[in-house]
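Written out below as structure tokens is the structure these notes cover.
Protein chains get the first letters and strands the later ones, always in sequence-line order, with residue 1 at the start of each.
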2 protein chains.
Amino acid sequence: MFSQTVEYALRAVVHLAAEAPSARTTDQIADATRVPKAYLSKVLQGLSRAGVVHSQRGIGGGMTLTKAPADLTILEVVNAVEPLGRIRTCPLGLAAHGVRLCPLHKRMDNALATVEAAFASTTLAEILAEPTDSPPLCENSPKLRVRR
Amino acid sequence: MFSQTVEYALRAVVHLAAEAPSARTTDQIADATRVPKAYLSKVLQGLSRAGVVHSQRGIGGGMTLTKAPADLTILEVVNAVEPLGRIRTCPLGLAAHGVRLCPLHKRMDNALATVEAAFASTTLAEILAEPTDSPPLCENSPKLRVRR
DNA sequence: CCCAAATAGGACAAGATTGTCCAATTGTCC
DNA sequence: GGACAATTGGACAATCTTGTCCTATTTGGG
């Protein structure tokens, strides 16, 4: 239900948050998140255009978050690469019904709203801080990683 | 976030529920739900293979629900055409983490779980029964419709 | 100034999604 | 059996998603 692109964007941003405020190159992010390098590059370009990350070319450059992890929500990342697609008007095209969705679409939109709310209330900092046996990205925490 | 196919399948099934237990032809459903006929035919084939609808050829034939609207949930329809894609194992491929999702994927899966729960608890009968100014499918209720 | 590191972006390709069209098949009714 | 009504399924096409590769362009450091 979530596209690959969203999955990749979230992985990348979580990794950047873990390393913040240091810049990470696309190659570094790709290795850490197991996302195809060349495609990740496109995804990051999108995040950059959306203002979620900042890119710096040249030696010592790379990608950085434009906000502190505590101020960046999952929702912002998702919407940057592929808006959630809330249902605002009748998909059947009956303009007359405009905002008043029928029971079916009201429920579909409610479902989207709960996802939106959950994502809006989760910051990257929370994800990193959560005590768990499985650190973000299902790997050893980057800070603790020894090899690779 | 929901695919066209899911949208179409739900529209079709809601319409069938509204007309239950009468059979409706693909053309009738397509007209009522504003879905491209030829494509709807494929979607209905899928629903038929999944056992959600029953198809009957020949004169007087068409599509019918295999269950009463009160017993058919939105989730069953969605899963029939395109499973919701709950995250059961680490997408990074670290088999070691298996069921234990990292905080990121745990939250993504939680979001999917809320959608799943909402869809599982809504039957087609409820959608039809809901008092509203905008009857299902954002049209006048099929039963009340005069022309077209 | 020149080199090396890094992103930016265009071209391309495979596969999935969405959509169309047509022939074949199945079924009902006379 | 014949005519008609309906689904079934195959072939095809357009578009989007995902992915690769290669060439520019920018940037910092000697």
Side-chain angles (χ1 to χ4, degrees), chain A residues 1-13 15-16 19 22-66 78 80-85 91 93, chain B residues 1-13 15-16 19 22-66 78 80-85 91 93:
Chain A
M1 193 181 190
F2 299 114
S3 70
Q4 276 301 100
T5 303
V6 163
E7 163 78 25
Y8 291 166
L10 286 172
R11 281 192 214 171
V13 165
H15 181 249
L16 283 178
E19 303 292 333
S22 322
R24 308 297 287 178
T25 71
T26 301
D27 279 13
Q28 288 174 324
I29 302 170
D31 284 343
T33 59
R34 314 218 165 167
V35 174
K37 294 186 206 301
Y39 189 62
L40 177 61
S41 149
K42 306 291 186 188
V43 176
L44 288 170
Q45 275 179 49
L47 288 174
S48 176
R49 283 191 215 98
V52 171
V53 303
H54 170 254
S55 66
Q56 178 65 40
R57 298 211 244 201
I59 297 176
M63 301 286 178
T64 48
L65 296 182
T66 54
V78 170
V81 295
E82 178 185 305
L84 214 44
Chain B
M1 193 180 190
F2 298 113
S3 71
Q4 276 302 100
T5 303
V6 163
E7 164 77 25
Y8 292 166
L10 287 173
R11 283 192 214 171
V13 164
H15 180 249
L16 283 178
E19 304 291 334
S22 322
R24 310 298 287 178
T25 72
T26 301
D27 279 13
Q28 290 174 324
I29 303 171
D31 285 344
T33 59
R34 313 217 165 168
V35 174
K37 293 187 207 301
Y39 189 62
L40 177 61
S41 145
K42 304 292 186 188
V43 176
L44 288 170
Q45 275 180 49
L47 288 175
S48 176
R49 282 191 216 99
V52 170
V53 303
H54 170 253
S55 65
Q56 178 64 38
R57 301 210 240 202
I59 297 176
M63 301 286 177
T64 48
L65 296 182
T66 54
V78 171
V81 295
E82 177 185 305
L84 213 46

Any side-chain donor paired with an acceptor under 3.5 Å for B/Glu82 and B/Ser3?
-> yes
Any donor-acceptor pair under 3.5 Å from A/Ser48 side chain to A/His54 backbone = no
What integer distance in Å separates A/Ile59:CD1 from D/dG29:C1'?
-> 6 Å
What distance do A/Lys37 atom NZ and A/Gln28 atom CD have between them, rounded to the nearest 0.5 Å?
-> 10.0 Å
Sugar-phosphate only, base, or nothing, as touched by A/Gln4 at under 4.0 Å among non-hydrogen atoms = sugar-phosphate
C/dA5 C1' sits how many Å from A/Lys37 NZ, rounded?
-> 15 Å
Tell me which of A/Gly60 and A/Gln45 sits closer to the 5' end of DNA chain C, going by the nucleotide each one is nearest to.
-> A/Gly60
Taking CZ from A/Arg34 and P from D/dG19, how many angstroms apart are they, rounded to a whole number?
-> 16 Å
A/Arg49 side-chain proximity, nearest of D/dC21, C/dG19, C/dG9 = C/dG9
Whole angstrom is fine here: how far is it from NE2 in A/His54 over to P in D/dT26?
-> 15 Å
Should B/Gln28 be listed as having a side-chain N or O under 4.0 Å from OP1 or OP2 of D/dA6?
-> no
Can you figure out which of D/dT7, D/dT27, D/dC21 approaches the side chain of A/Ala38 most closely?
-> D/dC21
Phosphate contact (C/dG19 OP1 or OP2) by B/Tyr8 side-chain N/O below 4.0 Å = yes
What about A/Arg57: does its side chain form a donor-acceptor pair under 3.5 Å with the base of D/dT27?
-> no
Write down the distance between OH (B/Tyr39) and C1' (D/dT15), rounded to a whole number of angstrom.
-> 13 Å
List the atom of A/Thr25, the atom of A/Gly61, and the distance in Å for their closest heavy-atom pair.
-> CG2-O, 3.9 Å
Heavy-atom closest contact (B/Val53 atom, B/Leu44 atom, distance) = CG2-O, 4.0 Å
With both distances kept under 3.5 Å, what pairs with C/dC30, Watson-Crick or G-U wobble?
-> D/dG1
Separation of atom CG in B/Asp27 from atom P in D/dT8, rounded to whole Å | 13 Å
Kindly point out which of D/dG28, D/dT7, C/dT7 is positioned nearest to the side chain of A/Met63?
-> C/dT7
Could you check which of D/dG19, C/dT20, C/dT7 has an atom nearest any side-chain atom of A/Thr25?
-> C/dT7
Is a donor-acceptor contact shorter than 3.5 angstrom present between the side chain of A/Lys42 and the base of C/dG10?
-> yes
Give the rounded distance in Å between these two atoms: CD1 of B/Ile29 and C1' of D/dT7.
-> 11 Å
Pick base, sugar-phosphate or nothing for A/Thr26, based on heavy-atom distances below 4.0 Å to the nucleic acid.
-> sugar-phosphate
Between A/Ser48 and C/dT7, is there a side-chain N or O to OP1/OP2 distance below 4.0 Å?
-> no
Roughly how many Å is it from CE in A/Met1 to C1' in C/dT17, rounded to a whole number?
-> 16 Å
Assert: residue with more 5' nearest nucleotide on DNA chain D, out of B/Gly58 and B/Leu44, is B/Gly58
Any A/Thr5 side-chain nitrogen or oxygen under 4.0 Å from OP1 or OP2 of D/dT18 = yes
A/Leu40 side, atom CG; A/His15 side, atom NE2 - distance, nearest 0.5 Å | 10.5 Å
